[in-house]
Amino acid sequence: MGHSAVRPLADVETGATLRADVLIIGGGPAGLTLARGLADSRREVLILESGGLDEDAGAEELNRVAVAPGNWTDEQVAKRRAYHGDQTRLWDHDRQGYGVRCRLLGGSTQSWAGKSAAFDDIDFAARDWVPNSGWPISARDLDGPLDRAAEVLNLGPNCYDDGLWHRLRREPPRPTPDPDRLRSFFWQFARSTLSPMEVMQAGREFLAAPPANARVLTGATVTGLETDAAGRRVCAVRAVDAAGRAHRITARSVVLAASAIENARLLLIAREGQGLGNAHDQVGRCLMDHPCAVVGAFRPADIARMSVHYGFFGLKTGQGATMYMRGLAPTARLQRDEGLLNCAGFMPGERAADDPLPALRRLIRRDSAAPWQDMRAVARSPGIVAMGLGRMALQSRHVPAGLSRFAVNQVVRFRPGVAAEEYLTGGMPHKLVGLSIQAVCEQVPDPANRVSLGTARDRHGVPLPQVRWQVGELETRTLARFGRLLGEEFGRAGLPVPELAGWIAEDAPAPVIDMAHSAGTTRMAADPRRGVVDADCRVHGVDNLHVAGASVFATSGHANPTLMICALAMRLADHLAADRAGGLGNDRAGAVDNDRADAVGNDRADGAAKDQADDQTGDGANAMARPMIRPVT
């Protein structure tokens, strides 16, 4: 494998009991960030990842989800297939009827676009027009962890409002909508530190620089949590390896970081179906995502002007340059006055039907269904094809890494629109014919939207999760009102007025699907009657069990969740590091019974040195290859 920090669970002899200070279930952005946050602690960290270093059909089968009858219309199913189908190599609607889960080291960062933003203050507040809203913490409680999370994700300053103009040392484009009704909202993008024009993939970053006190066991699928008789403490975790052999792992602290679906599932199956943290029937409830819909579009003649206002901006940072995308959001005052959910809109380009780069790829792979048509598309746009080939040359291994990184940072800083197009499409420029307005909003925490246990079981005998997820009236009203508000304010400001989407004009339901931003099934609440974990992400009623990831979100905001996931993981790391009772101290942490210390890596003198050597090789990077196209949302 090339990385002493990572090994398959199948390589560990069965019958050996593995031990660690902190056992993290899940090697996605939540689990890996938590491990990084514990790097300077005295805690020995063990991460169990169900997948491997690449997507695998056997691991993907374990992502199967049962969906409640009537969850989707035929139109929504078709939209899910079209939207999510390009995100990962193995995803299929028939298997994952809700969500987009990736079982490999790096988790959901295998399929994202790197789009990142922080929650607004109002997202943490209890609002009388948003049922079940309110967190037991505030935005200020995450200030420090948020900055550390941004560093992990290779982001720039955590500035997402009109204050960014000062950092950019420029005035905002004029004219602007009424700032009392609409404000700027910015997203930035997590770029790989290893290849700057690629999306950050957390698994590859972890392999490049693993914390010395952390080890990963891949192919390790957790099948149950063992507790004491009262259910007050997790005594051990049961897992099976890729060959189906059973293993048992013990730890002082256990953290579920396996996704909003899997975290709920593991809590529900605990104690032979009695559940953990579920004394008040809260586990799995209030499943949330981000309803997103096109609310309008601009005429072709207006595309260039609007792209200047609501396009991409580059900021010079200590790491080189960071790319921000500007959109609009209703102010907190307007949300209160009109009883709206928090939402925001951005303006992606619409690709032409005869876009030449997909046609060229089909011809190169010799899988074109219409080769003459594809050849005509390539011939009509030689400039776009030349740019695409030039980018591939720049990223070639024959170009010195320092020169490539310098060139990329200059483009990000001074031509961020060009950089954004290349970054979001894997370096392939595209022929654009339109500019739509996509709006994304938070979702009401509705207990009826939930993850429960189905009657079917997976190959390990664990009940499949069953999902019920629907969008309510307030989400549809918010998206429609936001579309109309943009038309009103753009007209008042003298900007081009977009044509409203047909569903708004017809007062029809918003045609939305899940955006792979699952959240809320183990939500944070001070009162166990309203949630599953407390303000420190500890499961109510269980002393040594915590949860990391978007499943702890009390409300979802409209921001893409990964930055907030990582910030909460950093805050949890602080809590676990400070917990005197949570460490093994001078015990044989990380070792295997019968002195098989190499199973987890007890011998630090040898392990740390070997890690350093392996990090320089880049072994395993080719196994992390993924599709190039990423949707902006």
Side-chain angles (χ1 to χ4, degrees), residues 1 6-18 20 23-32 35 45-66 88 90-91 95-96 99-108 110 203 215-226 234 236-251 254-273 276 451 453-454 456-466 518 521 545 547-549 551 592 599-600 623:
M1 187 174 298
V6 183
R7 66 178 302 178
L9 178 60
D11 286 358
V12 178
E13 183 178 341
T14 56
T17 298
L18 307 179
L23 176 63
I24 301 171
I25 300 172
L32 297 182
V45 177
L46 177 60
I47 303 167
L48 301 182
E49 168 52 48
S50 178
L53 298 186
D54 196 5
E55 291 182 286
D56 171 81
E60 169 61 20
E61 176 59 32
L62 294 172
N63 285 328
R64 185 171 294 279
V65 173
T88 68
L90 298 175
W91 181 90
R95 182 169 45 249
Q96 293 197 53
V100 178
R101 289 189 291 163
C102 306
R103 287 195 186 229
L104 76 166
L105 193 67
S108 60
Q110 177 75 6
R215 292 294 179 267
V216 180
L217 291 174
T218 58
T221 302
V222 173
T223 58
L225 307 175
E226 297 180 7
V234 175
V237 169
R238 297 190 302 274
V240 294
D241 62 29
R245 298 179 305 167
H247 299 261
R248 191 171 183 269
I249 307 100
T250 64
V254 177
V255 181
L256 302 180
S259 81
I261 294 175
E262 203 68 24
N263 288 348
R265 182 194 195 191
L266 290 172
L267 289 175
L268 289 170
I269 65 174
R271 304 184 70 208
E272 298 184 353
L276 280 176
V451 173
L453 297 180
R457 294 175 180 266
D458 66 19
R459 66 173 180 263
H460 300 307
V462 180
L464 291 182
Q466 177 164 297
S518 307
T521 57
L545 181 61
V547 182
S551 67
V592 181
V600 179

Would you indicate whether the side-chain heavy atoms of [Y] and [X] approach each other to under 4.5 Å?
| X | Y | value |
| --- | --- | --- |
| L90 | N63 | no |
| L23 | V234 | no |
| L267 | L545 | yes |
| V240 | H247 | no |
| I269 | P463 | yes |

[atom1]/[X] to [atom2]/[Y] distance, rounded to the nearest 0.5 angstrom?
| X | Y | atom1 | atom2 | result |
| --- | --- | --- | --- | --- |
| I47 | R215 | CD1 | CZ | 10.5 Å |
| R7 | L217 | CZ | CG | 7.5 Å |
| L453 | L268 | CG | CG | 4.5 Å |
| I24 | L32 | CD1 | CG | 8.0 Å |
| T223 | L266 | OG1 | CG | 9.0 Å |
| L18 | I249 | CG | CD1 | 5.5 Å |

Result of checking E262, E61, E55 against R103 for side chain to side chain donor-acceptor pair (under 3.5 Å): E262
Residue list, side-chain contact (heavy atoms from CB on, under 4.5 Å) with A66, at least two apart or on another chain: Q466
side-chain contact (heavy atoms from CB on, under 4.5 Å) involving D458 - partner list, sequence neighbours excluded: L62, R265, H460, V462, L464
Minimum heavy-atom distance [X]-[Y], with the two atoms named:
| X | Y | result |
| --- | --- | --- |
| A548 | S551 | O-OG, 4.4 Å |
| A236 | T250 | CB-CG2, 4.0 Å |
| L104 | L53 | CD1-O, 4.0 Å |
| V451 | I261 | CG1-O, 4.1 Å |
| P465 | R64 | CD-O, 3.8 Å |
| S518 | G99 | OG-CA, 4.4 Å |

Heavy-atom donor-acceptor pair, R459 side chain to G244 backbone, under 3.5 Å: no
Donor-acceptor under 3.5 Å (Q96 side chain, R101 main chain): yes
Residues which pass salt bridge (charged side-chain N to carboxylate O under 4.0 Å, His left out) with R238, listed by chain and number, not counting sequence neighbours: E226
Lys/Arg N to Asp/Glu carboxylate O, E60 vs R95, below 4.0 Å: yes
